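Notes follow the structure.
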2 protein chains.
Amino acid sequence: MSEMPASFVWLNGALVPTGLASIDPNDRGLTLGDGLFETIRCANGIPRFAKLHLVRLRRGAAKLDIALPFDDTEILAAFAQTLTANRLEGAAVLRLTFTRGAGLRGLTPPADAKPTLLITASPLAASPPEIAAVICRITRRNEFSPLAAIKSLNALDNILARNEAVKQGCEEAILLNTQGYVAEASAANIFVLTDGRWLTPRVADGALPGIFRSLVLVHQAASEARISEADLFSAQSICLGNALGVRAVTSLDGRDIEMQQEKIAALRTILHAEEV
Amino acid sequence: MSEMPASFVWLNGALVPTGLASIDPNDRGLTLGDGLFETIRCANGIPRFAKLHLVRLRRGAAKLDIALPFDDTEILAAFAQTLTANRLEGAAVLRLTFTRGAGLRGLTPPADAKPTLLITASPLAASPPEIAAVICRITRRNEFSPLAAIKSLNALDNILARNEAVKQGCEEAILLNTQGYVAEASAANIFVLTDGRWLTPRVADGALPGIFRSLVLVHQAASEARISEADLFSAQSICLGNALGVRAVTSLDGRDIEMQQEKIAALRTILHAEEV
């Protein structure tokens, strides 16, 4: 592991030394996965596209009927405090975890739940620009669930997919939806170069509306399309991108994938463009 | 709420006063839903069908590649200690939460993770024998995921379904799978009386292999079948059952459902039969 644990976390309004930070065993984030998260890249001590992350967080919270007890200004200040307390002045990652809070046993959310907002930070290790990937066979992305469109704490399907890749000596796994169309990678959106143009799966087909993905669409650098497994193997390039970085796929299920370096570089540029 | 918080929890090998029990903010159960749970009914201070729950827990742990650091004897002793410490000598519920443990950011499980095993207990309030239900329209059960067959911490689809029921003044929601067949209720298996015989959805169609469901099948009191939405409305009775109880559905989406009391009573009897 190249990332060291940080020495402070921000929990419900205050910085707390990591070893003293404690989550209630009855927190529904733990007991039922009842919450959301965001992963925010920081460059030179500045969170990148933080507002876009917060917009997505609030959209998710609305879908789950959880009121966020902090406004954007407070959360942005918490990001800055957490980075400063951990002396993270270079490339870093903020992880925000938001849950419905503690509740007694059972699915029905308590009326008086007090949500939990946790922010942790760690240095961002440089990720490899090129990776090998597999198509995930063990599970499928459920495009029929509203969870496909929000960044929920229910990440087990993604973990299973990732483990499948790792077991085959690869870095990433590409998930198909229940109808067999391409949805996303375990922790990134997928971009498929076809006839010289980047295509990316629709949210309706199970793509998480990723922050990098939304930037690419705003820049009109890709179009949404339904993508089949066969389309992947005839692609001119495949990239996996998220808020942390863009990686080109060199092989899929052991078969070489073409790489058009200029097109890949153009996609990477978008992640480092001015914030919108 | 009729359930009072208990005063002790069992955490990783020891009883801890509830207010002092603390979960690491980096526990992957919290950050990624990376774990499992079991809900065990206790009668007269005795956990019912505890061995069946532990078999299912171990099957789930194997699917997630998490080694359970306690043997059955230790976990059964922990159940007894937790009940005694909380003076729960009557009807009670044990909730076991098992996670991969703490890890740094990212999906890939750390090689050195130390799993978390948490046991909480609460009195079991009598649940109503009859309830009103709806068919969940907001989400679908993903029968293509191995998570459908294990009791994972990824319960958000079930929470969304439950909320949909509550908003309509009902107690439970019945989830369809991605192909539109009946899978289960938000926190129970479903049993549909058809031509005088109880039918229950197959695990392959998204039914959680529930403990009560497995008892019913062992007693040959129901058969597995593919069940459509139309089948529900022509049913002679519908019951929702889990380890905690069996409830008859009086109405579905506002339409009255027939109730054959003898057949319903026969199903209830199984929950209170001798442990297998």
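What you see is a predicted model; the values in this text were computed from it and never measured. So you know, we letter chains A, B, ... as the sequences are listed, proteins then strands, and number each from 1.
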Under the 3.5 angstrom rule, does the side chain of B/R95 hit a backbone N or O of A/T31 as a donor-acceptor pair?
yes

Surrounding CZ of A/R226 (heavy atoms of other residues, nucleotides or ligands, distance under 6.0 Å), is the total greater than 12?
yes

Sequence-distant partners of B/R41, salt bridge (charged side-chain N to carboxylate O under 4.0 Å, His left out), two or more places apart:
none

For B/F37, is the CZ atom crowded, meaning more than 12 foreign heavy atoms sit under 6.0 Å from it?
yes

With chain A, which of B/A148, B/A21, B/P146 has the greatest number of heavy-atom pairs at distances under 4.5 Å?
B/P146

Verdict with reasoning, A/D27 to B/I23, per side chain to side chain contact (heavy atoms under 4.5 Å, CB included)
CA-CA 9 Å; A/D27 194 292; B/I23 300 294; over 6 Å; no

Less than 4.5 Å to any heavy atom of chain B: does that hold for the side chain of A/L244, its backbone, both, or neither?
side chain

Any idea which of A/G106, A/P25, A/G19, A/A187 has the most non-hydrogen atom pairs under 4.5 angstrom with chain B?
A/P25

Nearest 0.5 Å please: distance from the CG atom of A/N26 over to the OG1 atom of B/T18.
7.5 Å

So, the part of B/N163 with a heavy atom under 4.5 Å from chain A: the answer is side chain

B/N154 and side-chain contact (heavy atoms from CB on, under 4.5 Å): which single residue from A/L32, A/L153, A/L156 fits?
A/L156

So for B/D157, is it side chain, backbone, both, or neither that comes closer than 4.5 Å to the heavy atoms of chain A?
both

Most heavy-atom pairs under 4.5 Å with chain A, out of B/D34, B/T97, B/T116, B/T99, belong to B/D34

When the 4.5 angstrom heavy-atom criterion is applied to B/K167 and chain A, the contacting part is side chain

What is the minimum heavy-atom distance between A/L107 and B/S186, and which atoms define it?
CD1-O, 3.3 Å

Checking B/T39 against chain A: side chain, backbone, both or neither under 4.5 Å from a heavy atom?
side chain

Residues of residues 134-144 of chain B contacting chain A, heavy-atom criterion under 4.5 Å, by residue number:
B/I138, B/T139, B/R140, B/R141, B/N142, B/F144

Approximate separation, where rounding is to 0.5 Å, of B/L64 CG and A/L160 CG:
6.0 Å

